[in-house]
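As structure tokens, the structure follows; a few thoughts come after it.
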Amino acid sequence: MTALGFLYPGHSAEDDYPRMEQMLGSDIRLQVVHTDIGEDAHRVDALLEMGSTARLAAGVEELRLTGAEAVVWACTSGSFVFGWEGAHDQVRALAKVAGLPASSTSFAFAHAVREVGAARVAIAATYPEDVAAHFSAFLKAAGIEVVAMRGSGIITAAEVGTWGRDEVLALARAGDHPDADAVLLPDTALHTAAHIQDLEATLGKPILTANQATVWEALRLASRRVNAPTLGTLFTREPLIQAPRE
């Protein structure tokens with residue numbers, strides 16, 4: 001069995017993780033430990049505090065007890081707001097405290113974009129425009145061309161967590177661009193695991209969502225690859241283990 005650990009801020013769309021565990025259909029276990037979200041606000045100062053080393057370290061001991069082989073900070077905004085270098089520092093500090101390979105959802109997106117072979121991407125974000133701009137800058141620092149960016153002005157993760165299939169599809173359509181090879185939905189508070197196939201069928205291109213990419217990144221850290229078509233194009237590359245279709 002491969003146990004993967006996730007530090008997830010607060011409570012919004014954490015039920016995506018047991019859903020994805022079932023969709024992977026193998027000997028992989030996704031262990032979620034909740035961190036203190038502090039102030040629930042998609043605002044730079046609040047996000048910097050939410051992603052602080054002290055808040056992440058507080059959840060690490062519980063996560064270690066699960067037997068996790070790798071840990072991912074399952075928060076996009078609470079990592080990219082630190083900038084390219086600052087996000088690296090955040091992950092290095094997490095790896096040191098946990099004694100495990102570590103990453104974050106922001107780096108998951110950077111690696112996943114390359115995995116699906118996308119040269120140009122569009123961002124369909126729930127965040128306010130100024131926060132979404134930090135994600136765009138992060139991707140550009142990773143060498144990824146951002147051809148379109150749309151923010152939705154949603155302030156709290158709690159509100160994002162109430163969105164269902166129709167809102168997620170509308171967000172993706174609104175953020176898509178003809179020149180984009182893939183569309184990125186960067187909020188881990190957004191329920192997307194059940195909708196990825198619908199999204200890709202509707203837009204006709206790879207869709208990368210925060211919780212999906214986070215799980216893929218943890219698998220990458222653990223040197224595991226799983227073919228799980230229900231989780232989209234990202235999970236159909238050179239499989240070593242075949243997950244059953246639903």
Side-chain angles (χ1 to χ4, degrees), residues 5-17 31-64 66 68 70-110 123 125-142 149 151-163 184-192 209-211 213-215 217-218:
F6 304 91
L7 295 176
Y8 186 94
H11 299 267
S12 293
E14 68 271 21
D15 48 331
D16 263 6
Y17 290 82
Q31 312 286 346
V32 176
V33 171
H34 297 275
T35 64
D36 180 9
I37 197 170
E39 182 182 359
D40 182 9
H42 288 142
R43 202 179 63 241
V44 172
D45 62 327
L47 294 168
L48 289 169
E49 175 58 28
M50 184 173 65
S52 67
T53 300
R55 287 187 186 270
L56 300 190
V60 164
E61 186 57 34
E62 182 182 349
L63 192 145
R64 264 202 299 253
T66 69
V71 55
V72 181
W73 166 225
C75 184
T76 327
S77 57
S79 47
F80 67 65
V81 291
F82 288 84
W84 182 251
E85 293 302 327
H88 275 92
D89 291 341
Q90 181 187 57
V91 165
R92 280 192 288 266
L94 177 57
K96 183 176 180 180
V97 171
L100 296 168
S103 189
S104 69
T105 304
S106 292
F107 289 116
F109 273 110
I123 297 170
T126 55
Y127 318 128
E129 290 279 346
D130 65 319
V131 173
H134 283 273
F135 184 47
S136 179
F138 182 91
L139 294 175
K140 289 174 182 177
M149 183 199 78
S152 301
I154 306 300
I155 297 297
T156 68
E159 181 178 350
V160 173
T162 67
W163 283 20
L184 280 51
L185 280 62
D187 196 340
T188 58
L190 188 67
H191 289 92
T192 59
T209 75
N211 290 322
T214 297
V215 170
E217 178 76 348

Problem - Atom pair OG/NE2 of Ser79 and His88 - distance to nearest 0.5 Å - result: 11.5 Å
Problem - Side chain to side chain, Val215 and Tyr17, heavy atoms closer than 4.5 Å - result: yes
Problem - Phe82 and its side chain to side chain contact (heavy atoms under 4.5 Å, CB included) partner, picked from Leu48, Leu47, Asp89 - result: Leu48
Practice task
Verify whether one side chain among Thr209 and Thr192 offers a donor that lies under 3.5 Å from an acceptor in the other.
Solution key: yes
Practice task
Could you tell me whether the side chain of Asn211 and the main chain of Thr188 form a donor-acceptor pair under 3.5 Å?
Solution key: yes
Exercise for the section: Keeping the roles fixed (side chain from His191, backbone from Gly161), state whether a donor-acceptor pair exists under 3.5 Å. Expected result: yes
Handout entry: Audit row: Phe107, Trp73, ring pair (Phe, Tyr, Trp, His ring centres under 6.0 Å) steps and yes/no
Key = CA-CA 10 Å; Phe107 289 116; Trp73 166 225; over 10 Å; no
Exercise for the section: Establish, yes or no, whether a centroid distance under 6.0 Å links the rings of Phe109 and Phe135. Expected result: yes
Problem - Test item: Thr76 side-chain N/O and Pro186 main-chain N/O as donor-acceptor pair under 3.5 Å - result: yes
Practice task
Say whether, by atom type as modelled, one donor and one acceptor occur between the side chain of Thr105 and the main chain of Cys75 under 3.5 angstrom.
Solution key: yes
Practice task
Give a yes or no on whether the backbone of Gly5 and the side-chain of Gln31 come within a donor-acceptor separation of less than 3.5 Å.
Solution key: no
Problem - Gap between atom CD of Glu39 and atom OG1 of Thr156 - 0.5 Å precision - result: 10.5 Å
Problem - Under 3.5 Å donor-acceptor, Gln90 side chain and Gly51 backbone - result: yes
Handout entry: side chain to side chain contact (heavy atoms under 4.5 Å, CB included) assessment of Trp163 paired with Leu190
Key = CA-CA 7 Å; Trp163 283 20; Leu190 188 67; 3.8 Å; yes
Exercise for the section: Measure across Ile123 and Ser136 and return the closest heavy-atom pair with its distance rounded to 0.1 Å. Expected result: CD1-CA, 3.7 Å
Problem - Side-chain donor/acceptor of Arg55 to backbone N/O of Thr35, under 3.5 Å - result: no
Handout entry: Side-chain heavy atoms of Leu7 within contact of Leu94, under 4.5 Å
Key = yes
Practice task
List the atom of Ala102, the atom of Val91, and the distance in Å for their closest heavy-atom pair.
Solution key: O-CG1, 3.1 Å
Problem - Atom pair NZ (Lys96) and OG1 (Thr53), whose distance is rounded to the nearest 0.5 Å - result: 10.5 Å
Problem - Nearest heavy atoms of Ala157 and His42, plus distance in Å - result: N-CE1, 4.2 Å
Exercise for the section: Heavy atoms only: give me the nearest Ala189-Ala13 pair and the separation to one decimal. Expected result: O-CB, 3.4 Å
Practice task
Kindly say whether the aromatic ring centers of Tyr127 and Phe80 come within a distance under 6.0 Å.
Solution key: yes
Handout entry: Side-chain donor-acceptor pair present, Thr126, Asp187, cut-off under 3.5 Å
Key = yes
Problem - Interatomic spacing from CH2 in Trp84 to OG in Ser106 - rounded to 0.5 Å - result: 9.5 Å
Problem - Nearest atoms (heavy-atom pairs only) where Ala108 meets Glu217 - result: CB-CB, 3.5 Å
Handout entry: Interatomic spacing from CE in Met50 to CD1 in Ile37 - rounded to 0.5 Å
Key = 5.5 Å
Exercise for the section: Would you confirm whether His134, through its side chain, and Val81, through its main-chain N or O, come within 3.5 Å as a donor-acceptor pair? Expected result: no
Practice task
Any chance you could measure Arg43, atom CZ, to Glu49, atom CD, to the nearest 0.5 Å?
Solution key: 11.5 Å
